[in-house]
Amino acid sequence: MDLYWFWIFVFYSLGGYGLEKLYALAMRARHRVRKCFLLLPLCPVYGLAMMAVLRLAGDTERFWQLALYGGILCTAVEYIVHFLYEKCLGVLFWDYSGTHLDLNRRICFPFGVAWGVLSALAVRYVQPRLEPVIAAIPPEVTLCAVLLLTADSFFSVRILRRSGNIDLLGLGNLWRELHQI
């Protein structure tokens, strides 16, 4: 795997985790489910979506055209990721059935629009600042990050396949569950 794309995945997954937390806080959500890994604060759907946008629409000139392409690409990635979570792991991290214009609970129009605007902003303003940061990361740090992400992914998948409970991806919840056994 190209190390550049690995770090794109990591940085945007981390940013997505932050956005999820801010959104839950702003909405005063009672149930703040982690949509990410066991230990690492990463939401993979954001990293994968931005990889698609940067690869397929990153050189688009006009902001609104980029927002349109970004919205379509990110929404497609969101649909695929949700489908794979459901079919391969038996879990649902999000459910848009209560949102207007949803498709199979996996995607919805309002968040598709949000994806578009966020992806266009990220390509225009975040990506240029991220490029030199990625270029400066030493290979040793990359190796450690790959190993950590691999281990975390393995344990997260194992927990989800065995329990089907996304709440166990929070260490506190997992710890309480293990002590009840």
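Each salt bridge (Lys or Arg N to Asp or Glu O under 4.0 Å) pair with one or both residues in residues 41-57, not counting sequence neighbours, would appear here, but there are none. Identified under the salt bridge (Lys or Arg N to Asp or Glu O under 4.0 Å) test for residues 142-162, with sequence neighbours left out: none.
With values rounded to the nearest 0.5 angstrom, Asp167 atom CG is found 10.0 Å from Arg176 atom CZ. Rounded to the nearest 0.5 angstrom, Tyr4 OH and Ile137 CD1 are separated by 11.5 Å. Atoms CD1 and OG1, on Ile80 and Thr75 in that order, are 11.0 Å from each other to the nearest 0.5 Å. Between Met50 atom CE and Leu73 atom CG the span is 10.0 Å, to the nearest 0.5 Å. If you take CZ on Phe11 and CG on Leu130, they are separated by 5.5 Å, rounding to the nearest 0.5 Å. Separation of atoms CZ (Phe6) and CD1 (Ile134) is listed at 10.5 Å; rounding is to 0.5 Å.
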Show which side-chain atoms of residues 106-119 pair as donor or acceptor with protein atoms under 3.5 Å away, not counting sequence neighbours.
| unit_1 | atom_1 | unit_2 | atom_2 | d |
| --- | --- | --- | --- | --- |
| Arg106 | NE | His82 | ND1 | 3.3 |
| Arg106 | NH1 | Tyr79 | OH | 3.1 |
| Arg106 | NH2 | Glu86 | OE1 | 2.8 |
| Trp115 | NE1 | Glu78 | OE1 | 2.9 |
| Ser119 | OG | Trp115 | O | 3.0 |
| Ser119 | OG | Gly116 | O | 3.0 |

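Val126 has its side chain within reach of Tyr12: a pair of non-hydrogen atoms, C-beta onward, lies under 4.5 Å apart. Using a 4.5 Å heavy-atom threshold, the side chains of Arg105 and Tyr96 count as separate. When side chains are defined from C-beta on, Leu169 does not count as touching Leu174, because their heavy atoms never get closer than 4.5 Å.
Qualifying side-chain hydrogen bond (donor to acceptor under 3.5 Å, both in side chains) partners for Thr99, counting only residues two or more places apart in sequence or in other chains: none. Residues satisfying the side-chain contact (heavy atoms from CB on, under 4.5 Å) test with Ser163, not counting sequence neighbours, are Ile159, Asn165, Leu168. In terms of the side-chain hydrogen bond (donor to acceptor under 3.5 Å, both in side chains) criterion, residue partners of Asp95 (sequence neighbours excluded) are, by chain and number, Ser97. Shown here are the side-chain contact (heavy atoms from CB on, under 4.5 Å) partners of Tyr69, two or more places apart in sequence or in another chain: Ala57, Thr60, Gln65. Evaluation of the side-chain contact (heavy atoms from CB on, under 4.5 Å) rule for Leu14 yields Pro41, Leu42 as partners, not counting sequence neighbours. Shown here are the ring pair (Phe, Tyr, Trp, His ring centres under 6.0 Å) partners of Trp64, two or more places apart in sequence or in another chain: there are none. Residues passing the side-chain contact (heavy atoms from CB on, under 4.5 Å) test with Pro138 are Glu140, Val141, sequence neighbours excluded.
Cluster annotation: Leu84 is not connected to Trp94 through the hydrophobic network of ILVMFWY side chains, with a link wherever side-chain heavy atoms come within less than 4.5 Å. Under a hydrophobic clustering in which Ile, Leu, Val, Met, Phe, Trp and Tyr are joined whenever their side-chain heavy atoms come within less than 4.5 Å, directly or via other members, Leu92 and Leu160 fall into different clusters. In terms of hydrophobic clustering, with Ile, Leu, Val, Met, Phe, Trp and Tyr side chains grouped at heavy-atom distances under 4.5 Å, Trp7 and Tyr125 are assigned to different clusters. Taken together through direct or relayed side-chain contacts under 4.5 Å among Ile, Leu, Val, Met, Phe, Trp and Tyr, Leu48 and Phe83 form parts of separate hydrophobic clusters. Taken together through direct or relayed side-chain contacts under 4.5 Å among Ile, Leu, Val, Met, Phe, Trp and Tyr, Val10 and Val157 form part of one hydrophobic cluster.
Here Leu143 is tied into one hydrophobic group with Leu147, each link being a pair of ILVMFWY side chains closer than 4.5 Å. Connectivity analysis of hydrophobic side chains (ILVMFWY, heavy atoms under 4.5 Å, direct or indirect) links Trp175 to nothing; its cluster partners are none.
Listed here is the closest heavy atom pair of Cys74 and Val53: SG-CG2, 3.5 Å. Leu19 approaches Tyr46 most closely through the heavy-atom pair CD1-CE2, 4.2 Å.
Taking the six-membered ring for Trp, Phe93 and Tyr85 have ring centres closer than 6.0 Å.
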